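Predicted, not measured: the structure shown is a model, and the values here were computed from it.
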Amino acid sequence: MSQWIYFFDLWGTAVFALSGALAAGRHRMDPFGVIVLASVTAVGGGSIRDALIGATPVFWIRDPNYIIVILATVLVCLLLVRRPRKVPEYILPVADAFGLALFTVIGAEKALNMGLSGMIAVVMGLITGVGGGIIRDLLCRQVPMVLRTEVYATASIIGGIGYTVSLAYGMGEKMALFLAMASALLIRLSAIKWHLSLPAFDLKTKRE
Amino acid sequence: MSQWIYFFDLWGTAVFALSGALAAGRHRMDPFGVIVLASVTAVGGGSIRDALIGATPVFWIRDPNYIIVILATVLVCLLLVRRPRKVPEYILPVADAFGLALFTVIGAEKALNMGLSGMIAVVMGLITGVGGGIIRDLLCRQVPMVLRTEVYATASIIGGIGYTVSLAYGMGEKMALFLAMASALLIRLSAIKWHLSLPAFDLKTKRE
Amino acid sequence: MSQWIYFFDLWGTAVFALSGALAAGRHRMDPFGVIVLASVTAVGGGSIRDALIGATPVFWIRDPNYIIVILATVLVCLLLVRRPRKVPEYILPVADAFGLALFTVIGAEKALNMGLSGMIAVVMGLITGVGGGIIRDLLCRQVPMVLRTEVYATASIIGGIGYTVSLAYGMGEKMALFLAMASALLIRLSAIKWHLSLPAFDLKTKRE
């Protein structure tokens with residue numbers, strides 16, 4: 001079972017590395033800069049999680065496969081782009097949505113595994129899911145996706161709560177993992193496609 | 001006695017969460033985004049402090065009250081704003097000033113409590129006091145308050161030195177706590193009100 | 001031998017603190033703000049490294065000399081500028097280049113010393129070398145140097161690989177240290193002087 005989680009974790013690492021590499025390409029960075037941005041995006045959230053919990057050395061220091069997956073992703077990305085092709089605008093947020101969904105559930109799972117409470121597990125899912133993307137957007141001087149209104153943090157929090165509650169009600173780990181990931185992903189992808197958003201907390205208009 | 005500190009710590013958490021929620025409202029974030037920004041502002045500084053010291057899992061993982069205080073603050077903030085009302089421009093820096101003063105002294109206290117030196121205690125007070133606000137301002141793409149000239153880091157450093165020195169000279173913990181907080185707060189509030197600033201270190205004008 | 005490394009480490013701390021103070025001067029910060037920016041630049045990368053590895057309390061908490069070097073550097077910097085003088089544009093990137101080279105090799109050395117693998121040592125060198133500068137640039141709302149094309153991450157990665165490989169092939173520690181530092185420094189300084197850059201990974205032009 002934990003092999004499933006490991007597989008999803010490496011998969012999430014690859015899609016977040018891809019989102020970092022795409023962001024790097026939009027800023028015309030050199031190959032080593034691409035590696036740096038892909039890496040912080042892919043392992044940033046999990047590193048913050050592990051440092052806060054005290055699970056040090058953090059996961060990618062203990063297991064070299066994460067760095068290998070990132071290097072391979074960047075290599076493929078750099079090679080593919082040699083043959084010029086259109087990179088549609090939506091690829092970056094979609095890759096980011098997959099990473100968000102996968103890492104949210106994996107972060108929550110790791111917290112529960114360490115005996116932390118359900119509430120903390122949801123927070124750790126959120127940190128793991130949004131941390132890397134926030135660092136990527138800060139470095140690229142973009143407005144962090146989590147700050148925009150299209151249910152970003154919402155998707156992660158619902159995914160984390162879904163996973164924690166499903167387990168608490170006795171659902172099997174594999175099923176809970178799949179359902180929570182699918183919900184978070186669907187919510188986020190729908191939000192991207194139809195520009196859904198929750199009502200904003202808007203102080204600007206109250207100030208005039 | 002340490003109950004006093006705990007009370008001030010939760011109070012500082014609430015005012016920093018408020019400052020994060022206000023900043024989120026100015027960026028028209030959705031409710032979950034507000035929670036995220038309020039949380040990183042409220043626990044960001046203390047989390048960095050605990051991670052650097054190695055006091056992990058960090059404080060809010062060990063004690064759920066911090067997250068509960070943040071969620072309650074955000075809830076009150078979201079509900080109050082339903083009835084449109086003017087939010088004066090100065091509310092955000094004033095809430096920030098209270099958090100700065102409270103967290104500076106609490107951060108210094110925690111460091112001393114762990115047997116660290118007075119100099120490190122001042123630094124830990126500074127990190128606890130300014131860390132959350134820096135993260136908030138970075139995420140909102142504002143110039144971090146600590147970068148502006150209105151005695152921001154200064155207030156924190158003086159508060160931290162005041163607390164450490166008062167204790168070293170035998171003042172009671174409660175009195176030292178109160179005096180140091182009041183000094184940092186007064187310095188910062190005066191600076192906001194009268195736009196006080198120390199002479200700037202200005203390389204620009206030397207370059208022509 | 002480890003005394004050599006300690007000396008270089010304090011030297012790197014001073015040049016990075018200088019680069020932080022220079023950046024602060026360009027933003028007209030007050031003296032305490034200068035101290036804050038000089039400090040996060042000087043110890044930011046090493047602090048992230050130590051927190052990720054779990055070497056806590058981090059190095060500058062255990063050894064007060066780092067903070068003393070930073071305070072002394074800032075003091076000298078503030079005093080010198082009293083006599084107005086031109087500060088040439090290239091001083092900041094050059095100081096940054098020295099810090100980059102020194103901290104890369106020291107970061108790799110510390111990782112190897114803790115029994116971590118060569119690959120992780122290169123990554124730790126990179127984090128130590130570029131971390132502080134990234135935080136400095138983020139706080140000053142500059143495009144982080146690591147995002148620009150002039151072989152920045154490249155210099156650090158080559159320096160880290162050079163050090164690790166030299167040791168693996170039996171070179172003496174002092175010689176490997178010196179050679180790797182010199183290579184990273186030369187690469188970066190050449191890039192600054194002649195605006196060298198690797199071919200960029202450019203997605204923008206592929207999108208039309």
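Remark: A/Leu138 CG to B/Leu138 CG distance equals 6.0 Å, nearest 0.5 Å.
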Could you go through A/Tyr152 and B/Val36, starting from their C-alpha distance and side-chain angles, then the distance that decides it, and tell me whether this counts as side chain to side chain contact (heavy atoms under 4.5 Å, CB included)?
CA-CA 11 Å; A/Tyr152 191 86; B/Val36 170; over 6 Å; no

Verify side chain to side chain contact (heavy atoms under 4.5 Å, CB included) between A/Ile120 and B/Ile67, making sure each step is shown before the conclusion.
CA-CA 9 Å; A/Ile120 296 296; B/Ile67 293 183; 3.8 Å; yes

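Residue A/Leu52 comes nearest to B/Ser47 through the heavy atom pair CD2-CB, 3.8 Å, listed as atom of the first residue, atom of the second, then distance. Across every non-hydrogen atom of B/Gly33 and A/Ala153, the tightest pair is N-CB, 4.3 Å. In plain terms, the two heavy atoms of B/Pro31 and A/Leu198 that are nearest each other are CD-CB, 4.0 Å.
Heavy atoms of A/Val130 lying under 4.5 Å from chain B are absent altogether. Residue contact with chain B, scored on non-hydrogen atoms closer than 4.5 Å, is absent for A/Met114. Proximity to chain B (any heavy atom under 4.5 Å) is shown, for A/Ile48, by neither the backbone nor the side chain. Contact of A/Ile53 with chain B is made through backbone and side chain together, with heavy-atom distances under 4.5 Å.
More than 12 non-hydrogen atoms from other residues, nucleotides or ligands lie less than 6.0 angstrom from CZ of B/Phe32. Annotation: B/Phe8, atom CZ; neighbour count of heavy atoms from other residues, nucleotides and ligands within 6.0 Å is above 12.
Side-chain atoms of A/Arg141 never come within 3.5 Å of backbone atoms of B/Arg141 as a donor-acceptor pair (strictly under, hydrogens ignored).
Of all the listed residues (A/Ile134, A/Ile127, A/Thr154), the one sharing the greatest number of non-hydrogen pairs under 4.5 Å with chain B is A/Thr154.
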